[in-house]
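Input: a single structure, listed below in structure tokens.
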Amino acid sequence: MKAEDTAKRTKPYHCLEYDHDQVGDICLIACGMERCDPGINYGPDIRDAYHLHVILSGTGTLYTGGQIIHPHFGQMFLLKHNEAAQYIADMSKPWHYCWVTYNGTEAKRLSEEIGFTDGIYCLDSGVEPKNFFDLVCRMHEKPEMNYINDLRRRGILLEFLALALEATETPTQKLERRNEHSTDVYIDRAVDFIHYNYKTINVSDIVKYVGFSRSYFATIFKKKMGISPQEYLVQYRLKQGCRLLVSTDLSIQDIAAQIGYDDPLNFSKMFKNTYGISPTEYRIRGAVE
């Protein structure tokens with residue numbers, strides 16, 4: 001942003017701006033939000049980074065790439081690196097938008113992944129604009145220029161771009177992304193998720209983690225593992241219970257709580273149904289052996 005452009009800005013304008021010569025895969029150059037004055041004009045100018053705007057309300061006119069575009073509420077528009085652009089807020093319904101400015105070796109590829117390929121500068125968004133606004137607000141909460149806050153803001157920038165990708169993704173693209181990995185990869189990840197979180201999760205949490213429908217996930221899980229996700233979760237919990245029974249002096253109640261059972265009677269019932277003996281008997285046998 002040139003100094004003269006910054007001087008034009010209205011009071012409802014808030015921007016954090018940083019070094020334009022940063023090096024990395026993806027770098028935050030600036031972020032901000034503005035409620036534009038009617039008819040305010042920026043450009044024409046050639047910018048040294050990518051400026052992604054998400055419109056919270058209003059409309060205006062964008063001149064870029066030989067096109068005349070009217071981005072409005074429910075859309076996002078991109079000013080591209082090394083491309084001339086001019087944008088003017090509408091006289092009666094001027095823009096209120098937020099934006100991020102980014103650059104880096106991955107900036108062009110990520111922009112194209114979102115949908116801003118050659119000749120595309122404006123896209124419909126399927127995500128509530130306030131979600132983007134909230135991310136920019138989070139960046140502004142840590143304005144100090146130090147390494148820790150740089151990492152925080154870069155992380156939020158990635159959230160912003162991921163949300164933009166989600167906002168423009170078609171059902172076909174979602175399916176294609178899901179199929180980027182074989183189903184075995186998703187099952188392996190689900191199993192790891194169970195192993196790390198078995199104490200506190202249920203099947204709905206596992207399904208949400210992998211991103212499949214419950215019925216489809218149950219089908220592919222059983223095909224590979226031979227049992228349902230619920231059965232696997234129960235078996236893994238009980239397996240950890242067995243380990244604690246023979247390796248600790250914890251009470252049955254404490255063991256039940258540690259492996260995810262609020263009710264020790266329920267734990268004992270599940271244990272006996274699975275192993276044919278009670279937890280106490282299992283502990284005694286383990287001690288004898």
Side-chain angles (χ1 to χ4, degrees), residues 25 131 134-135 138 142 147-152 154-159 161-163 165-166 169 174-289:
D25 294 340
N131 294 337
D134 289 343
L135 290 173
R138 283 175 54 198
K142 300 290 183 180
Y147 182 64
I148 293 174
N149 285 337
D150 286 346
L151 289 177
R152 286 194 179 106
R154 185 173 298 189
I156 299 170
L157 170 62
L158 291 174
E159 285 188 58
L161 296 176
L163 190 62
L165 181 59
E166 179 184 347
E169 202 171 39
K174 289 180 181 179
L175 183 61
E176 288 174 350
R177 292 187 192 283
R178 178 183 294 176
N179 292 334
E180 286 176 352
H181 304 291
S182 72
T183 54
D184 284 353
V185 171
Y186 289 98
I187 299 307
D188 291 342
R189 290 180 180 176
V191 168
D192 287 341
F193 182 72
I194 291 170
H195 290 180
Y196 283 110
N197 302 281
Y198 67 93
K199 299 176 184 179
T200 58
I201 61 173
N202 56 36
V203 174
S204 294
D205 296 318
I206 305 167
V207 171
K208 184 176 180 181
Y209 174 73
V210 296
F212 289 120
S213 70
R214 189 175 184 122
S215 59
Y216 179 69
F217 176 67
T219 299
I220 63 173
F221 191 96
K222 190 167 186 177
K223 182 177 180 181
K224 180 175 182 180
M225 306 301 295
I227 56 177
S228 71
Q230 178 65 33
E231 290 169 326
Y232 186 91
L233 176 59
V234 169
Q235 288 188 13
Y236 191 78
R237 281 177 171 166
L238 294 178
K239 180 180 177 182
Q240 300 310 306
C242 290
R243 179 179 59 81
L244 292 172
L245 284 167
V246 298
S247 64
T248 73
D249 294 325
L250 292 171
S251 68
I252 303 299
Q253 182 174 351
D254 287 341
I255 290 174
Q258 284 208 20
I259 65 172
Y261 286 96
D262 295 330
D263 184 353
L265 293 178
N266 189 27
F267 164 61
S268 296
K269 180 180 178 181
M270 293 296 295
F271 194 97
K272 190 166 186 178
N273 288 342
T274 301
Y275 297 108
I277 57 176
S278 70
T280 301
E281 291 174 302
Y282 186 92
R283 169 172 271 171
I284 294 171
R285 290 189 184 184
V288 171
E289 294 174 358

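Keep in mind that the numbers below use all heavy atoms, side chains included, and drop hydrogens, waters and symmetry copies. This is a predicted model, so every value here is computed, not measured.
- The CG atom of Leu245 lies 13.0 Å from the CZ atom of Arg285; values are rounded to the nearest 0.5 Å.
- The distance from atom CG of Leu158 to atom CG of Leu135, rounded to the nearest 0.5 Å, is 11.0 Å.
- Contact annotation: the side chain of Thr183 never approaches that of Lys224 to less than 4.5 Å [non-hydrogen atoms, C-beta and beyond].
- Leu244 and Arg283 make their closest contact through O-NH2, 3.8 Å (heavy atoms, listed as atom of the first residue, atom of the second, distance).
- Using modelled atom types, one side-chain atom of Asn202 and one backbone atom of Asp205 make a donor-acceptor pair closer than 3.5 Å.
- Note: Phe212 and Phe217 have parallel aromatic rings, judged against thresholds of 30 and 60 degrees for the angle between ring planes.
- Nearest heavy-atom pair, Ile201 versus Leu233, reported as atom, atom and distance to 0.1 Å: O-CD2, 3.8 Å.
- Lys223 contributes atom NZ, which lies 9.0 Å from atom CG of Asp184 (distance to the nearest 0.5 angstrom).
- For the residue pair Pro279 and Ile252, the shortest heavy atom distance occurs at CB-CD1, 3.8 Å.
- A heavy-atom distance below 4.5 Å is found between the side chains of Ile284 and Thr280.
- For the atom pair CG of Asn149 and CD1 of Ile156, the computed distance is 9.0 Å after rounding to the nearest 0.5 Å.
- Of all heavy-atom pairs spanning Met225 and Val191, the tightest one is CE-CG2, 4.1 Å.
- Using the six-membered ring where Trp is involved, Tyr232 and Phe221 have ring planes that are perpendicular, over 60° apart on the 30 and 60° scheme.
- Pairs of residues two or more places apart, or lying in two chains, that qualify as side-chain hydrogen bond (donor to acceptor under 3.5 Å, both in side chains) and include a residue from residues 241-254 are Gln240-Arg243, Ser251-Asp254.
- Taking the ring centre of Tyr261 as origin, the terminal cationic atom of Arg237 falls inside the region bounded by 6.0 Å and 45° from the ring axis.
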Without placing hydrogens or testing angles, list every side-chain donor-acceptor pair under 3.5 Å for residues 268-277, not counting sequence neighbours.
unit_1	atom_1	unit_2	atom_2	d
Ser268	OG	Pro264	O	3.1
Asn273	ND2	Lys269	O	3.3
Thr274	OG1	Met270	O	2.9

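- Interatomic distance, CG of Leu238 versus CD1 of Ile255, reported as 11.5 Å (0.5 Å rounding).
- Considering all non-hydrogen atoms of both residues, Val210 and Ala190 come closest at CG1-CB, 3.9 Å.
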